[in-house]
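As structure tokens, the structure follows; a few thoughts come after it.
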Amino acid sequence: MKSANTVLSRYGETIFATMSALAQKHNAINLGQGFPEGCEPREIVERAAWALLNESNQYPSMFGLPALRQAVAAHDREFYGLELDWQTETLVLSGGTEALGAALFALIDPGDEVVVIEPIYDTYLPIIELAGGVPKIVRLSPPEWHLPLDRLAAAFSDKTKLILFNSPMNPTAKVFTRAELDAIAGLVAKYDAYAICDEVYEHLAFDGLAHIPLITLPGMRERTIRVGSAGKTFSLTGWKVGYISAAPALIRQVVKAHQFLVFTTPPNLQSAVAFGLGKDRQFFADFTAGMQAKRDRLVGGLERAGFAVAPCAGTYFVNVDIGSVGFDGDDADFCRDIIETACVAAIPLSAFYAGSPEVRFARFCFAKPDALLDEATARLRRRFG
Ligand code: PMP
Ligand code: GLN
């Protein structure tokens, strides 16, 4: 038989599915795959149930429900001072994943270069390659993960179509600084390129740190696609409701990819997300503060178990240096070891590298009930402490 698509044939199952299956097999506490437990806002879920019974269950507009698009525009004005025309500058898609895929397909022509930052979130490279793009990888180094501006500049050329990056950044837990964003903006403008900004963790920047969308920087309004996700903002990862904010010409192009890939997103979930985005500032502040407290709880527990924990400025992940507890193998060995010996699951950071990783780090998710975080770190302490 002829071989199937060569790009997809090179990729296996995602590390998230693999580690979750292993966690289930060993009945382990799953701090691996990033999904929140016990944080789902009940009134938003009730609103979706209500909408299922009381609103339309047929195809909504392929751009998304007007109520949600208006809510996205209002949210971006409230938090970032961004003035969007909801009818031409917002679009609803089925999760951040589809939004990123549709944005990449919308912009990339075969041979175009795409700048990405490593460690790289798992969906980026396969889609870039399926679209015929050529990744240009800029590697960050732990534990600070500063963006190396000289290497960033060297990754750009006249062939650069776009840069794709994620801030707050999974898995490094880094929040890009204003200076780093200025450097990115300068290069995007200089090379007449675009930026796709994965901002699904926008409400998970801690310690009073501001999340700054690149689209708000001078010259970036026409060149940037900003991606958000209800999965992260409302701790409802199963819903797969994502949204983008961008200039009209970009929205018109992305919606073409959306219409051929997915077309529409479940209307009752959109309706409930519109309700959620309409919540007052306190709601979002409480969410951020609650997650920050969980971060501190997990970091404290991991430190008591003997780990050197890398700084965590955002997202709901923390990384530990596995050498700090004297572990000899690589981070994949470590994650297999702790599932079997401590019944705790994590994600090896090497899974986020296209080339050979220099890191030996494991990522733990803290969007979990406090009791689960405490039990997980108690088990790790028994194993390593
Ligand atoms: N980007 C990053 C960096 C993520 O961690 C996630 C969450 N899984 C997504 C995109 C995708 O979000 P969604 O679940 O809305 O598709
Ligand atoms: N974004 C989540 C993580 O980093 C997982 C999403 C998925 O399982 N595909 O853990």
Side-chain angles (χ1 to χ4, degrees), residues 11-24 30-37 39-40 64 68 72 91-104 116-128 140 145 164-176 196-205 211 213 225-244 258 261-262 265-266 269-270 272-273 276-277 291 298 312-319 335 345-353 361-368:
Y11 289 93
E13 183 180 67
T14 86
I15 188 69
F16 309 118
T18 303
M19 296 312 285
S20 279
L22 260 184
Q24 219 161 18
N30 190 355
L31 306 188
Q33 186 180 29
F35 62 91
E37 286 177 68
C39 324
E40 300 84 343
L68 178 50
V72 168
L91 176 65
V92 177
L93 303 99
S94 290
T97 307
E98 197 229 338
L100 291 162
L104 290 166
V116 287
I117 314 288
E118 191 176 50
I120 312 170
Y121 183 62
D122 74 330
T123 64
Y124 297 178
L125 286 184
I127 303 288
I128 291 167
L140 308 183
W145 311 102
L164 164 59
F165 72 101
N166 170 221
S167 180
M169 185 180 175
N170 175 15
T172 62
K174 162 196 176 66
V175 176
F176 280 62
I196 299 177
C197 301
D198 179 350
E199 300 180 12
V200 300
Y201 298 101
E202 60 189 309
H203 289 290
L204 291 166
H211 162 65
I225 297 176
R226 176 181 125 71
V227 175
S229 165
K232 309 295 160 185
T233 294
F234 301 111
S235 304
L236 296 162
T237 59
W239 282 22
K240 303 301 282 190
V241 178
Y243 25 87
I244 68 174
H258 175 58
L261 282 168
V262 177
T265 298
L269 301 180
Q270 290 194 51
V273 171
L277 283 177
M291 286 294 184
L298 181 61
C312 167
T315 75
Y316 40 52
F317 304 111
V318 294
N319 296 303
C335 290
I347 299 287
L349 238 63
S350 54
F352 296 83
Y353 285 77
F361 275 75
R363 190 197 78 175
F364 293 88
C365 174
F366 52 79
K368 305 287 169 182

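Both counts, for ligands and for their atoms, begin at 1 and track the order of listing. Bear in mind the structure is a predicted one, so any value in this text is a computation, not a measurement.
Ligand 1 has an N or O atom lying under 3.5 Å from an N or O atom of Ser229, backbone or side chain. Between Gly96 and ligand 1, at least one pair of N/O atoms sits closer than 3.5 Å. Considering backbone and side-chain atoms alike, Asp122 places every N or O at 3.5 Å or more from each N or O of ligand 2. Polar contact with ligand 1: present for Thr97 (N/O pair, distance under 3.5 Å). Ligand 2 has an N or O atom lying under 3.5 Å from an N or O atom of Gly34, backbone or side chain. Residue Thr237 places no N or O, backbone or side chain, under 3.5 Å from any N or O of ligand 1. Considering backbone and side-chain N/O atoms, Thr14 never comes within less than 3.5 Å of an N/O atom of ligand 2.
The protein atom (non-hydrogen) at minimum distance from atom 8 (O) of ligand 2 is Gln33 NE2, 2.6 Å. For atom 6 (C) of ligand 2, the closest non-hydrogen atom on the protein side is Tyr121 OH, 3.5 Å. Protein heavy atom at the shortest distance from atom 14 (O) of ligand 1 is Lys240 NZ, 3.3 Å.
Residue-level proximity to ligand 2 for Met19 is absent, since no heavy atom of it falls below 4.0 angstrom. Only the side chain of Lys232 comes within 4.0 Å of ligand 1, judged by heavy-atom distances. The proximity of Met169 to ligand 1, defined as any non-hydrogen pair under 4.0 Å, does not occur for either the backbone or the side chain.
In terms of heavy atoms, Pro348 sits closest to Cys335 at N-SG, 3.5 Å. Heavy-atom minimum distance, Cys39 versus Met291: SG-CE, 3.9 Å. In terms of heavy atoms, Val273 sits closest to Leu68 at CG1-CD1, 3.7 Å.
Atom 6 (C) of ligand 1 has its nearest heavy-atom neighbour, among Phe165, Tyr121, Phe35, in Tyr121. Taking only non-hydrogen atoms, the option from Phe16, Tyr316, Phe317 nearest to atom 9 (N) of ligand 2 is Phe16. Nearest-residue assignment for atom 2 (C) of ligand 1 (options Asp198, Thr14, Thr315; heavy-atom criterion): Asp198.
Other residues, nucleotides and ligands contribute at most 12 non-hydrogen atoms within 6.0 Å of the CD atom of Gln24.
Heavy atoms of Phe35 come nearer than 4.0 angstrom to ligand 2 in no pair at all. At least one heavy atom of Lys232 sits less than 4.0 Å from an atom of ligand 2.
Between Ile196 and Arg226 the shortest side-chain heavy-atom distance does not fall below 4.5 Å. Using a 4.5 Å heavy-atom cutoff, the side chains of Pro36 and Thr237 are in contact. Residues Phe317 and Asn170 are in side-chain contact: their nearest non-hydrogen atoms beyond the backbone lie under 4.5 Å apart.
Ligand-side atoms of ligand 1 in range of Asn166: 3 (C), range being under 4.0 angstrom from any heavy atom. Atom numbering of ligand 1 starts at 1 in the shown order; those under 4.0 Å from a heavy atom of Tyr201 are 3 (C), 4 (C), 5 (O), 7 (C). Close approach of ligand 1 to Gly95 (heavy-atom distance below 4.0 Å) involves ligand atoms 15 (O), 16 (O).
Between Phe165 and Phe176, the ring planes are tilted. Angles from 30° to 60° get that label.
Looking only at atom types and distance, the side chain of Asn30 has a donor-acceptor partner in the side chain of Ser20 under 3.5 Å away. In this structure, a donor-acceptor pair under 3.5 Å is present between the side chains of Glu13 and Thr18. Using modelled atom types, one finds no donor on one side chain facing an acceptor on the other under 3.5 Å when comparing Thr123 with Thr97. Side-chain contact annotation: Ser235 with Glu40, donor-acceptor N/O pair under 3.5 Å absent.
With a 6.0 Å cutoff to the six-membered ring centre and a 45° limit on the axis angle, Lys368 counts as a cation-pi contact of Phe35.
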